[in-house]
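Following: one structure in structure tokens, then a few remarks.
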Amino acid sequence: MDYARNSLQTSNKRKQVLAVIVIINNRVCYLDETVLANSKGSGAHTIGASHCNAFNGRFKRDSKGSFELIDASLDKSYAETLMNKCSSSESSSLTVSNDPETSSTFDNQYYRNLETHKGLFQTDSALMEDDRTRKMVEALASDEESFFQRWSESFVKLSMVGVRVGEDGEIRRTCSSVN
């Protein structure tokens with residue numbers, strides 16, 4: 001049963017990676033943006049924090065209300081830390097550092113975290129499931145200067161995709177809602 005569940009989870013992760021690649025490629029036609037600065041943020045996840053409800057799909061609550069790990073790709077020790085931080089009833093307002101090692105420094109540590117199965121988001125962890133994206137993650141993890149250069153180039157490209165100007169655009173007062 002565990003083998004079947006793990007196979008299904010792996011299959012779903014590959015589909016997530018492919019979906020992100022397709023979305024990005026339809027707009028920009030570069031795989032780099034998928035791994036570096038896509039709409040899910042992969043490279044940008046090296047700084048900042050996220051609400052527990054942004055990644056709690058990697059866990060489920062048992063009959064006693066405690067979290068139980070359901071994503072076998074996540075490092076068990078890191079998963080325990082996340083489950084402990086997000087276990088309260090106010091978990092939707094609680095935040096966790098995106099990068100457990102260097103959360104306030106823009107660096108390539110997030111990619112090294114992915115290599116050790118400590119990616120906060122399932123979409124980022126899924127980058128290790130596809131040969132094309134895994135190779136890029138490994139390269140970015142091993143060369144910080146390359147990460148800085150490639151991330152800035154990808155960010156500029158993506159910042160020009162679908163920019164709305166004039167009456168079609170707006171500067172939001174609150175990012176999560178339309179004015």
(request) Apply the test side chain to side chain contact (heavy atoms under 4.5 Å, CB included) to residues C86 and F55: give CA-CA distance (whole Å), side-chain angles for both, the deciding distance (0.1 Å), then the verdict. (result) CA-CA 10 Å; C86 296; F55 59 86; 3.6 Å; yes
(message) Would you say the ring centers of F147 and Y110 fall short of 6.0 Å from each other?
(response) no
(request) Flag the pair K64 and D62 as a salt bridge only when some basic side-chain nitrogen lies within less than 4.0 angstrom of an acidic carboxylate oxygen. (result)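 No, this pair does not count.
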How close do [X] and [Y] get, heavy atom to heavy atom, and via which atoms?
{"X": "G119", "Y": "L74", "answer": "O-CD1, 3.5 Å"}
{"X": "Q109", "Y": "T46", "answer": "N-OG1, 4.5 Å"}
{"X": "I70", "Y": "G57", "answer": "CD1-O, 3.5 Å"}

(request) Show your reasoning for whether side chain to side chain donor-acceptor pair (under 3.5 Å) applies to D124 and H45. (result) CA-CA 9 Å; D124 292 347; H45 289 157; 2.4 Å; yes
Between [X] and [Y], is any pair of side-chain heavy atoms under 4.5 Å apart?
{"X": "R112", "Y": "E101", "result": "no"}
{"X": "N108", "Y": "F148", "result": "no"}
{"X": "E144", "Y": "D107", "result": "yes"}
{"X": "I47", "Y": "T105", "result": "no"}
{"X": "E138", "Y": "E115", "result": "yes"}
{"X": "Y111", "Y": "S142", "result": "no"}
{"X": "H51", "Y": "L94", "result": "no"}

What distance separates [X] [atom1] from [Y] [atom2], expressed to the nearest 0.5 Å?
{"X": "R132", "Y": "L127", "atom1": "CZ", "atom2": "CG", "result": "11.0 Å"}
{"X": "S125", "Y": "N113", "atom1": "OG", "atom2": "CG", "result": "9.5 Å"}
{"X": "R61", "Y": "F67", "atom1": "CZ", "atom2": "CZ", "result": "4.0 Å"}
{"X": "E68", "Y": "K60", "atom1": "CD", "atom2": "NZ", "result": "4.5 Å"}

Can you list, pair by pair, the side-chain donor-acceptor contacts under 3.5 Å of residues 75-83, counting residues two or more places apart and other chains?
{"residue": "D75", "atom": "OD2", "partner": "S77", "partner atom": "N", "Å": "3.2"}
{"residue": "D75", "atom": "OD2", "partner": "Y78", "partner atom": "N", "Å": "2.9"}
{"residue": "T81", "atom": "OG1", "partner": "S77", "partner atom": "O", "Å": "3.2"}

Between [X] and [Y] (side chain of the first, backbone of the second, donor and acceptor by atom type, cut-off under 3.5 Å), is there such a pair?
{"X": "R58", "Y": "L120", "result": "yes"}
{"X": "S103", "Y": "P100", "result": "no"}
{"X": "S152", "Y": "Q149", "result": "yes"}
{"X": "H117", "Y": "S73", "result": "yes"}

(request) Given side chain to side chain contact (heavy atoms under 4.5 Å, CB included), test C52 with V96 step by step and report yes or no. (result) CA-CA 7 Å; C52 292; V96 173; 4.1 Å; yes
(message) For a quick check under 3.5 Å, do N84 and S87 share a side-chain donor-acceptor pair by atom type?
(response) no
